Amino acid sequence: MTKAEVISEISQKTGIEKADVLTTVEAFFKVVKDSMTEGHNIYVRGFGSFVNKKRARKVARNISKNTSLIIDEHYIPSFKPSKTFVAKIKGSKKVVGEEASPKKAPKAKKAKS
């Protein structure tokens with residue numbers, strides 16, 4: 001589902017004009033981004049938490065050049081769903097767009113003679 005589809009559905013369910021819903025949704029995303037940029041976490045009861053996760057400093061390798069890189073400690077945004085949200089998703093019947101049949105295992109490669 002795209003942002004435009006979400007806005008359209010909110011507009012249909014609430015009777016609020018799409019332009020007003022778009023402004024509200026954009027403002028919500030801006031507040032979340034700005035708050036997380038400042039180091040604050042966002043907690044939405046019954047939905048989940050937008051949190052900054054700290055990644056430690058580490059040494060990585062560039063295998064094509066056979067060199068080492070140092071990646072400094074940094075933060076990444078993360079979303080952790082609430083228990084009620086997870087329980088609701090677990091109880092759902094299916095995901096739209098998912099195939100009805102189980103995925104087939106990939107074919108094994110033939111060995112060279």
Side-chain angles (χ1 to χ4, degrees):
M1 192 173 215
T2 64
K3 182 167 60 171
E5 292 169 337
V6 170
I7 290 168
S8 183
E9 191 162 331
I10 291 171
S11 177
Q12 289 173 359
K13 288 185 177 184
T14 62
I16 301 171
E17 291 184 32
K18 282 186 182 180
D20 293 336
V21 174
L22 173 65
T23 304
T24 304
V25 169
E26 289 293 337
F28 172 75
F29 288 137
K30 183 171 179 7
V31 167
V32 170
K33 286 183 216 174
D34 292 346
S35 296
M36 290 186 74
T37 301
E38 293 171 7
H40 301 287
N41 294 329
I42 313 278
Y43 303 102
V44 182
R45 186 179 304 254
F47 185 69
S49 304
F50 297 92
V51 295
N52 287 312
K53 283 192 173 181
K54 184 177 182 180
R55 298 286 185 213
R57 181 176 183 255
K58 64 182 177 181
V59 177
R61 297 211 35 92
N62 181 345
I63 57 174
S64 63
K65 294 181 181 178
N66 197 24
T67 58
S68 295
L69 305 172
I70 295 176
I71 300 175
D72 290 330
E73 105 179 350
H74 59 281
Y75 291 89
I76 60 163
S78 179
F79 176 74
K80 182 178 181 198
S82 71
K83 290 179 182 178
T84 55
F85 184 38
V86 170
K88 187 166 186 161
I89 298 300
K90 283 184 179 178
S92 66
K93 300 288 182 205
K94 68 173 187 171
V95 175
V96 176
E98 191 175 271
E99 294 180 17
S101 62
K103 293 187 177 186
K104 296 178 182 177
K107 292 182 181 179
K109 293 183 179 181
K110 294 181 181 179
K112 292 183 181 180
S113 304

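Quantities reported herein were computed from a predicted structural model and do not represent experimental measurements.
- Note on ring orientation: taking the six-membered ring where Trp is involved, the planes of Phe50 and Phe28 are perpendicular (angle over 60°, cut-offs 30° and 60°).
- A heavy-atom distance below 4.5 Å is found between the side chains of Asn66 and Arg61.
- No donor-acceptor pair closer than 3.5 Å links the side chain of Ser11 to the backbone N or O of Ile7.
- Residues Glu5 and Thr2 share a closest heavy-atom pair of OE1-N, 2.8 Å.
- The neighbour count for Glu17 CD, taken as heavy atoms of other residues, nucleotides or ligands under 6.0 Å away, does not exceed 12.
- Note that the OG1 atom of Thr23 and the NZ atom of Lys18 stand 13.5 Å from one another [nearest 0.5 Å].
- Nearest heavy-atom pair across Val25 and Lys3 is CG1-CD, 4.3 Å.
- Contact check for His40 versus Ile42: no side-chain heavy atoms found under the 4.5 Å cut-off.
- In terms of modelled atom types and a separation under 3.5 Å, the side chain of Asn41 and the main chain of Asn52 share a donor-acceptor contact.
- The 12-atom threshold is exceeded at CG of Leu69, counting heavy atoms of other residues, nucleotides or ligands nearer than 6.0 Å.
- Using modelled atom types, one side-chain atom of Thr24 and one backbone atom of Asp20 make a donor-acceptor pair closer than 3.5 Å.
- Closest of all the heavy-atom pairs between Glu73 and Lys54 is OE1-CE, 3.1 Å.
- Enclosure of atom CD1 in Ile89 by more than 12 non-hydrogen atoms of other residues, nucleotides or ligands within 6.0 angstrom is indicated.
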